*Asks:* 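Have a look at the structure that comes next, please.
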Amino acid sequence: MSTINGLPAHVLLVHIIVVLVPLTSLLAILCAVWRPVRQRLVWLVAALAAVTVVMTPITTDAGEWLEHKIGRSPAIHTHAHLGDTMIYFAIGLLVAALLLVFVHLRERGERRVGIVLVSVIAVLTIAASVAATVQVYRIGESGARATWGEQASG
């Protein structure tokens, strides 16, 4: 995908990631630490995390097309390198969401879920969520610098 209505697709698709990752992360953390929220929103969190995993490579592929179109500078190289790592953070968020689904399904069934297991999954979910959100910020900041850095400082 190269353009959407004449605009580079990356410029538009990146907004999906910028919204989905923090939203999914916040909801995942709430599901991890608050059982009533988990009972209501765990499937939404899993779906949002799955959409994030699907949209991340689509967004980075559109970014690579744009990079070839406008040329490569050190700032764009940094942004592209950081962007290429986002898939790992998105997968981590999806794994955390699937662990929350596991806890939810066990809680609904006859089996009890140990507090230690729930606590470990909560810690992993918080870590994956914070890491993914921080990485989205780092990627976005480097993209803004690559796009506006020279113009804003001059």
Side-chain angles (χ1 to χ4, degrees), residues 1-4 7-68 75-109 111-149:
M1 182 178 297
S2 56
T3 62
I4 299 173
L7 292 173
H10 179 71
V11 174
L12 300 172
L13 294 173
V14 74
H15 290 85
I16 295 170
I17 303 301
V18 167
V19 170
L20 278 184
V21 170
L23 174 63
T24 305
S25 296
L26 175 63
L27 294 176
I29 290 169
L30 289 173
C31 285
V33 299
W34 199 4
R35 186 175 181 197
V37 173
R38 184 168 53 247
Q39 292 171 335
R40 288 189 173 93
L41 297 180
V42 71
W43 293 107
L44 174 63
V45 170
L48 291 174
V51 170
T52 300
V53 167
V54 169
M55 290 307 299
T56 296
I58 292 170
T59 303
T60 55
D61 286 348
E64 288 173 8
W65 175 87
L66 182 58
E67 177 184 8
H68 294 300
I76 290 174
H77 173 74
T78 299
H79 176 64
H81 175 70
L82 287 171
D84 287 341
T85 67
M86 189 59 215
I87 189 65
Y88 304 111
F89 292 88
I91 290 170
L93 196 55
L94 178 60
V95 168
L98 293 175
L99 288 171
L100 293 171
V101 168
F102 169 78
V103 168
H104 172 69
L105 292 175
R106 298 267 313 206
E107 287 173 339
R108 283 186 31 182
R111 298 179 178 157
R112 302 294 282 160
V113 182
I115 189 73
V116 172
L117 179 62
V118 173
S119 298
V120 167
I121 290 173
V123 168
L124 291 172
T125 299
I126 293 167
S129 297
V130 169
T133 302
V134 167
Q135 189 66 359
V136 163
Y137 171 81
R138 292 179 67 220
I139 295 165
E141 191 269 339
S142 70
R145 286 195 186 278
T147 303
W148 301 103

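Every heavy atom of this structure was used, including side-chain atoms; hydrogens, water molecules and symmetry mates were not. Not measured: the values here are computed from a predicted model.
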*Asks:* Find out whether V33 and I126 are in side-chain contact, i.e. whether some heavy atom of one side chain is under 4.5 Å from a heavy atom of the other.
*Replies:* yes

*Asks:* Does any part of the side chain of I58, heavy atoms only, come nearer than 4.5 Å to the side chain of L13, both counted from C-beta?
*Replies:* yes

*Asks:* If every non-hydrogen atom of A49 is compared with every non-hydrogen atom of T24, which pair is closest and at what distance?
*Replies:* N-CG2, 3.9 Å

*Asks:* Side chains of E64 and D84: does their closest heavy-atom pair fall under 4.5 Å?
*Replies:* yes

*Asks:* What is the distance from atom OG1 of T56 to atom CD1 of I16, rounded to the nearest 0.5 Å?
*Replies:* 10.0 Å

*Asks:* Listed by chain and number, what are the side-chain hydrogen bond (donor to acceptor under 3.5 Å, both in side chains) partners of E67, not counting sequence neighbours?
*Replies:* R72

*Asks:* Quick check for you: to the nearest 0.5 Å, what is the distance between L48 atom CG and S25 atom OG?
*Replies:* 10.0 Å

*Asks:* Can you confirm whether R138 is buried at CZ, in the sense that more than 12 heavy atoms of other residues, nucleotides or ligands lie under 6.0 Å from that atom?
*Replies:* no

*Asks:* Does a side-chain heavy-atom distance below 4.5 Å link L124 with V120?
*Replies:* yes

*Asks:* Calculate, to the nearest 0.5 Å, the distance between atoms NE2 and CZ belonging to H104 and R35 respectively.
*Replies:* 9.5 Å

*Asks:* What's the separation between atom CD1 in I17 and atom OG1 in T59, rounded to the nearest 0.5 Å?
*Replies:* 4.0 Å

*Asks:* Contact between I139 and F89 at the side-chain level, heavy atoms closer than 4.5 Å - yes or no?
*Replies:* no

*Asks:* Show the numbers, then the answer: is there a side chain to side chain contact (heavy atoms under 4.5 Å, CB included) between V103 and L99?
*Replies:* CA-CA 6 Å; V103 168; L99 288 171; 5.8 Å; no

*Asks:* Could I get the full list of salt bridge (Lys or Arg N to Asp or Glu O under 4.0 Å) partners for E141, not counting sequence neighbours?
*Replies:* R145

*Asks:* Measuring from L98:CG to L93:CG, what's the distance to the nearest 0.5 Å?
*Replies:* 10.0 Å

*Asks:* At their closest point, which heavy atom of L82 faces which heavy atom of S142, and how far apart are they?
*Replies:* CD1-OG, 3.7 Å

*Asks:* Nearest 0.5 Å please: distance from the OG1 atom of T60 over to the CE atom of M55.
*Replies:* 10.0 Å

*Asks:* Hey, are the side chains of L94 and T52 touching, using non-hydrogen atoms and a 4.5 Å cut-off?
*Replies:* no

*Asks:* Using a 4.5 Å cut-off on heavy atoms from C-beta on, say whether the side chain of L66 contacts that of V11.
*Replies:* yes

*Asks:* Taking H10 for the side chain and A62 for the main chain, is one N or O donor matched with an acceptor at less than 3.5 Å?
*Replies:* no

*Asks:* Checking side chain to side chain contact (heavy atoms under 4.5 Å, CB included) between L100 and each of L27, L41, V42, L105, which is the one that passes?
*Replies:* V42

*Asks:* Going through the checks in order, is the side chain to side chain contact (heavy atoms under 4.5 Å, CB included) test met by M86 and V21?
*Replies:* CA-CA 10 Å; M86 189 59 215; V21 170; 3.8 Å; yes

